[in-house]
Amino acid sequence: MALRLALALVAAGLGASAGAAAQEVRIGTEGAFPPYTYRDRAGELRGFDIELGNEICRRSGLDCAWVVNDWESLLPNLVAGKYDVAMAGMAVTTERAKMVAFSLGYEVGSNAASAVLMQTGASTSDAPHVAVQRATIHEDWARSMGYRVSTYPSLVAAVEALFDGRVDEVLGPQAFLEGVARNGGGRVEIAELFGIPSGDTAAAFRKEDRALRETFDSAIAEMLADGSIDAMAEKWFQAGDGTE
């Protein structure tokens with residue numbers, strides 16, 4: 001009797017372990033920064049970071065859900081607990097690292113491929129009025145150059161300011177702005193391509209969430225080693241890195 005009871009208890013314990021729910025993880029993203037993160041015509045989230053995050057979760061046995069949040073408050077809302085991770089083509093910077101902890105980089109930083117978008121045929125200026133997305137490395141760079149800078153909550157809003165004639169140029173990621181130029185009906189064109197010094201692209205975590213960060217690090221390291229991340233980058237990027 002005692003042996004049968006012990007075996008029953010062991011079996012029950014094994015069954016409970018097998019049926020244990022996967023850890024639920026919420027990932028915050030902007031959803032407006034192709035090719036990293038954006039909504040397709042059906043409203044579904046797509047992009048490099050979306051595919052990468054989903055694969056990290058699959059390999060790690062995590063039950064992940066995406067939370068769309070505006071770019072400017074992405075990190076503050078991570079710290080406040082609205083979600084557990086932030087992935088949105090984000091470059092590691094000294095200022096951001098004061099607020100959050102970053103994963104292993106899944107894109108090596110060097111020079112973020114950037115571009116200047118102007119109205120077609122417009123003359124260039126030595127002191128342009130430049131539109132940038134707020135709280136990005138492009139805003140930091142434009143200010144360091146002494147330009148007159150207007151900031152916007154999204155790249156789309158910055159481009160709209162150019163179409164409306166409120167600014168002379170838009171400064172931002174090459175991949176995004178080249179897409180605008182291709183689909184702009186001839187109204188805008190790329191005036192310049194250049195690189196901005198950039199840190200690695202990485203996922204952000206609350207500083208105290210070390211275990212979750214290490215789980216992501218393990219999956220990222222595995223995917224870097226087996227070529228999965230390179231294959232995803234080849235799929236999603238045609239104009240190089242364009243981190244925010």
Side-chain angles (χ1 to χ4, degrees), residues 29-30 32-38 47-52 71-72 74-75 86-100 102-118 124-128 130-152 154-156 158-159 162 167-182 188-204 220-221 223-224 227-244:
T29 193
E30 182 186 10
F33 182 44
Y36 284 93
T37 165
Y38 67 97
F48 175 74
D49 272 28
I50 305 302
E51 183 175 353
L52 175 60
W71 169 259
E72 190 174 4
L74 191 63
L75 291 185
M87 296 182 69
M90 182 177 294
V92 177
T93 69
T94 301
E95 286 303 310
R96 291 168 183 168
K98 293 176 182 178
M99 183 185 304
V100 298
F102 284 100
S103 70
L104 184 67
Y106 48 83
E107 283 188 295
V108 177
S110 55
N111 286 307
S114 304
V116 172
L117 185 73
M118 299 179 61
T124 59
S125 168
D126 292 334
V130 177
V132 295
Q133 184 174 13
R134 194 172 299 132
T136 62
I137 60 174
H138 296 95
E139 178 186 356
D140 294 341
W141 188 88
R143 293 193 185 283
S144 74
M145 297 297 292
Y147 296 152
R148 179 187 172 195
V149 177
S150 289
T151 62
Y152 295 87
S154 69
L155 281 166
V156 171
V159 169
L162 176 64
V167 296
D168 302 317
E169 303 175 355
V170 177
L171 171 65
Q174 179 180 338
F176 180 91
L177 294 182
E178 285 190 331
V180 174
R182 284 194 301 271
V188 292
E189 62 184 359
I190 298 296
E192 183 182 355
L193 299 176
F194 61 99
I196 291 178
S198 169
D200 290 353
T201 308
I220 291 169
M223 294 175 71
L224 287 170
S228 300
I229 289 179
D230 285 342
M232 289 182 189
E234 182 71 20
K235 170 183 175 181
W236 289 105
F237 298 113
Q238 296 183 14
D241 175 32
T243 51
E244 289 192 286

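Positions are given from 1 along the sequence.
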Report yes if the side chains of [X] and [Y] come closer than 4.5 Å at any heavy-atom pair, otherwise no.
X      : Y      : answer
Glu107 : Phe237 : yes
Met118 : Thr124 : yes
Thr201 : Met90  : no
Tyr152 : Val132 : no
Asp168 : Arg148 : no
Asp140 : Thr93  : no
Leu52  : Ile50  : no
Glu169 : Pro128 : yes

Quiz item: Considering residues at least two apart in sequence or located in another chain, which fulfil the side chain to side chain donor-acceptor pair (under 3.5 Å) criterion with Glu139?
Solution: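 Checked Glu139 against side chain to side chain donor-acceptor pair (under 3.5 Å); matches are Arg143.
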
Say whether, by atom type as modelled, one donor and one acceptor occur between the side chain of [X] and the main chain of [Y] under 3.5 angstrom.
X      : Y      : answer
Ser198 : Ala112 : no
Trp71  : Gln133 : no
Thr29  : Met87  : yes
Asp49  : Ala88  : yes

What heavy-atom pair brings [X] and [Y] nearest, and what distance separates the two atoms?
X      : Y      : result
Ala204 : Leu75  : CB-CD2, 3.7 Å
Ala142 : Val149 : CB-CG2, 3.8 Å
Ile190 : Leu117 : CD1-CD1, 3.9 Å
Leu104 : Ala202 : O-CB, 4.1 Å
Pro173 : Phe33  : CG-CE1, 3.2 Å

Quiz item: Phe48 vs Tyr36 aromatic rings, parallel, tilted or perpendicular, using cut-offs 30° and 60°?
Solution: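 Ring orientation, 0 to 90° scale: perpendicular.
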
Quiz prompt | Set of side chain to side chain contact (heavy atoms under 4.5 Å, CB included) partners for Glu192, sequence neighbours left out | solution =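 If we apply the side chain to side chain contact (heavy atoms under 4.5 Å, CB included) test to Glu192, skipping adjacent residues, the hits are Val116, Phe194.
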
Quiz item: Rounded to the nearest 0.5 Å, how far does CG of Leu162 lie from CG of Leu171?
Solution: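 The CG atom of Leu171 sits 12.0 Å away from the CG atom of Leu162.
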
Practice problem: To the nearest 0.5 angstrom, please state how far the OG atom of Ser154 sits from the CD atom of Glu72. | Solution: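 Reported value, rounded in 0.5 Å steps: 11.0 Å.
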
